[in-house]
Structures are given as C-alpha cells and as structure tokens.
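Atoms within a ligand are numbered from 1 in the order they appear, just like the ligands themselves. Keep in mind that the numbers below use all heavy atoms, side chains included, and drop hydrogens, waters and symmetry copies. Values in this document were obtained by computation on a predicted structure and should not be read as measured data.
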Amino acid sequence: MTGRQRELTMRFLAEPTDVNYGGKVHGGVVMKWIDQAGYAAAVGWSGTYSVTVAVGGIRFVAPIRISDLVTVRTKLVHTGTSSMHFAVEVAARDPMGGEPRLCTHCVIVFVALDGVEGKPTAVPAWTPAGDDDRKLAEYALQVMELSKGIEQTVERYREAGEL
Ligand SMILES: CCCCCCCCCCCCCCCC(=O)SCCNC(=O)CCNC(=O)[C@H](O)C(C)(C)COP(=O)(O)OP(=O)(O)OC[C@H]1O[C@@H](n2cnc3c(N)ncnc32)[C@H](O)[C@@H]1OP(=O)(O)O
C-alpha cells in the first residue's frame, strides 16, 4: 500500500464548534483539517509516522459556513528524500444543493520519521508522469522556496534582536 495512494479526500460537515461569531469557520480550524488530511496522506504514502515541517502559500479564498459540506483534497506533488509535498484544496458547498466553492488552498510538507521520536527517514519516491504533474511539482517547490526565504528573513531579524 505504501507509495501507491497519491490522493486523499476527507469529507464532513462544518459544525457549530468550528465557527466564529459571524457563523464562518475559523482559519485555524481550516488549518487543522488541512494538517489532519495531510497527516493521513503522508503516513499512507510513507508507511511511517510523519510530522508537518512547513505550510506555504496558504490563502483563504472564500468563507466556509456552519453546516456546509466540506471537502479537503490532498495530492502528492513532490517527494524529496524524507519529505512529501502535498497540494491541498479545501472546498465547501451547501449539502442541500449548490456548487462547491474553493475556500482555501496551500502546499503542506511532511517529513517521515523512523519512529514517533525518531529521525527523518526515506519515503517512496514519486515521479511526475506528465506536464500537469511537473507544473504542480514546480509550483509546490517554488511556494516552499518563497516560504524558506521568509523564514530566513525572520531569522536574520531575530538574530539581530529586532523581534
Ligand atoms: C503512533 C502515534 C500516532 C498518532 C496518531 C494520532 C493521529 C491524530 C491526528 C493527526 C493530526 C495531524 C497531525 C499532523 C502532524 C503534526 O502536526 S506533527 C506536529 C508539528 N510538527 C512538528 O512538531 C515537527 C517539528 N520539527 C521537527 O521535528 C524537525 O524540524 C523535522 C521535521 C524532524 C526535520 O528535522 P531537520 O533536522 O530539519 O531534518 P533535515 O534532515 O534537515 O530535513 C528533513 C527534511 O525536511 C525538509 N525541510 C526542512 N525544513 C523545511 C522547510 N522549511 N520547508 C520544507 N521542507 C523542509 C528538508 O528539505 C528535508 O527534506 P528531504 O531532503 O529529506 O526530502
């Protein structure tokens, strides 16, 4: 089974405990769903315990409302040695009808460990099969490069004691 399931989808209803005073789902709750779907996808692909190492390019495009049917879709778009990059889309729709709306998208990266307190370990490699796959992989790598650039900027300011 490891190294075979490239896509994973979670579906559920947005509950009253997920929403803020305006009836819209908290951004942090959406991030938790992304993390959970990414975790299931990562351990499925790697066959080992995996941890989130980075999230990039997260954009909350449209709100999710209470009782919406939510779909979190993850797609593996790149593997490194121990890392797995997933493109994630969160969509929602009224379960009584209506078109799905894209609500959030991002890239999330997991690292496979050789145990719960372990070290990074190799994952089955995934190779892009066509132009669409190659574009997705390039997109994910660019997003993560930009995120690493932000991390380095933050680090520079922290080291200079300016934060
Ligand atoms: C048995 C128990 C089951 C429990 C079942 C419960 C289930 C319930 C539901 C689950 C719910 C959801 C759960 C979600 C999973 C968490 O939420 S995990 C918690 C949040 N994450 C963490 O705590 C991770 C903290 N970070 C770390 O421990 C270390 O940074 C890591 C991830 C082990 C990496 O260590 P490191 O020394 O940086 O390792 P290093 O060898 O330099 O890099 C490893 C890889 O990371 C990549 N990397 C490093 N930095 C970055 C970056 N900024 N950007 C991109 N890639 C990077 C490297 O490029 C490298 O990739 P490869 O070249 O190998 O492909």
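Environment of CD in E99: sparse, with no more than 12 heavy atoms of neighbouring residues, nucleotides or ligands closer than 6.0 Å.
Distance check for atom 54 (N) of ligand 1: a protein heavy atom is found below 4.0 Å. The protein does not reach atom 38 (O) of ligand 1 closely, with no heavy atom under 4.0 angstrom from it. Less than 4.0 angstrom separates atom 42 (O) of ligand 1 from none of the non-hydrogen atoms of the protein. For atom 58 (C) of ligand 1, no protein non-hydrogen atom is found at a distance below 4.0 Å. In this structure, atom 62 (P) of ligand 1 is in close contact with the protein, since a protein heavy atom lies within 4.0 Å of it. Within a 4.0 Å radius of atom 16 (C) of ligand 1, the protein contributes one or more non-hydrogen atoms. Checking atom 27 (C) of ligand 1 against the protein gives no heavy-atom contact under 4.0 Å. Under the 4.0 Å distance rule, the nearest protein heavy atom to atom 23 (O) of ligand 1 falls outside the cut-off.
With a heavy-atom cut-off of 4.0 Å, V53 touches ligand 1 through its side chain alone.
When only interatomic distances are considered, the shortest N/O to N/O separation between D35 and ligand 1 falls below 3.5 Å. Taking distance alone, with nitrogen or oxygen atoms compared against 3.5 Å, Q36 stays at or beyond that limit from ligand 1. Polar contact with ligand 1: present for T52 (N/O pair, distance under 3.5 Å).
Between G115, S82, S83, it is S82 that holds the heavy atom closest to atom 44 (C) of ligand 1. For atom 40 (P) of ligand 1, the nearest non-hydrogen atom from the set P120, G56, S147 belongs to P120.
Checked by atom type and distance alone, the side chain of T79 pairs as donor or acceptor with a backbone atom of W126 at under 3.5 Å. Not one N or O on the side chain of R73 forms a donor-acceptor pair closer than 3.5 Å with the backbone of E89.
Among Q5, E7, R6, H85, the single residue meeting the side chain to side chain contact (heavy atoms under 4.5 Å, CB included) criterion with L76 is R6.
The structure places CG of D133 at 12.5 Å from CD of E138, a figure rounded to the nearest 0.5 Å. With rounding to the nearest 0.5 angstrom, the CD1 atom of I150 is 11.5 Å from the CD atom of E145.
Using a 4.5 Å cut-off on side-chain heavy atoms (C-beta onward), M31 and V55 make no contact.
Taking all atoms of both residues into account, the shortest heavy-atom contact from S82 to P120 is OG-CB, 3.6 Å. When all heavy atoms are compared, the tightest approach of L13 to S67 is CD2-O, 3.8 Å.
Distances below 4.0 Å separate heavy atoms of V116 from the following atoms of ligand 1: 1 (C). Here is the list of ligand 1 atoms found below 4.0 Å of a heavy atom in V111: 45 (C), 46 (O). Every atom of ligand 1 with a heavy atom of K148 under 4.0 Å away is listed here by number and element: 51 (C), 52 (C), 53 (N), 54 (N), 55 (C). Shown in contact with E151 at under 4.0 Å from a heavy atom are these atoms of ligand 1, numbered in order with element: 53 (N).
Atom 33 (C) of ligand 1 has L113 CD2, 3.8 Å as its closest protein atom, hydrogens excluded (heavy atom only). For atom 7 (C) of ligand 1, the closest non-hydrogen atom on the protein side is Y39 CE2, 3.9 Å.
Using a cut-off of 4.0 Å between Lys/Arg side-chain N and Asp/Glu carboxylate O, K32 and D35 are scored as not salt-bridged.
Both M144 and I58 belong to a single network of hydrophobic side chains, linked directly or stepwise wherever heavy atoms of I, L, V, M, F, W or Y lie under 4.5 Å apart.
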Checking D18 against W33 for the side chain to side chain contact (heavy atoms under 4.5 Å, CB included) test, could you report, in this order, the C-alpha distance in whole Å, the side-chain angles of both residues, the deciding distance, and whether it holds? CA-CA 11 Å; D18 298 326; W33 294 337; 3.5 Å; yes
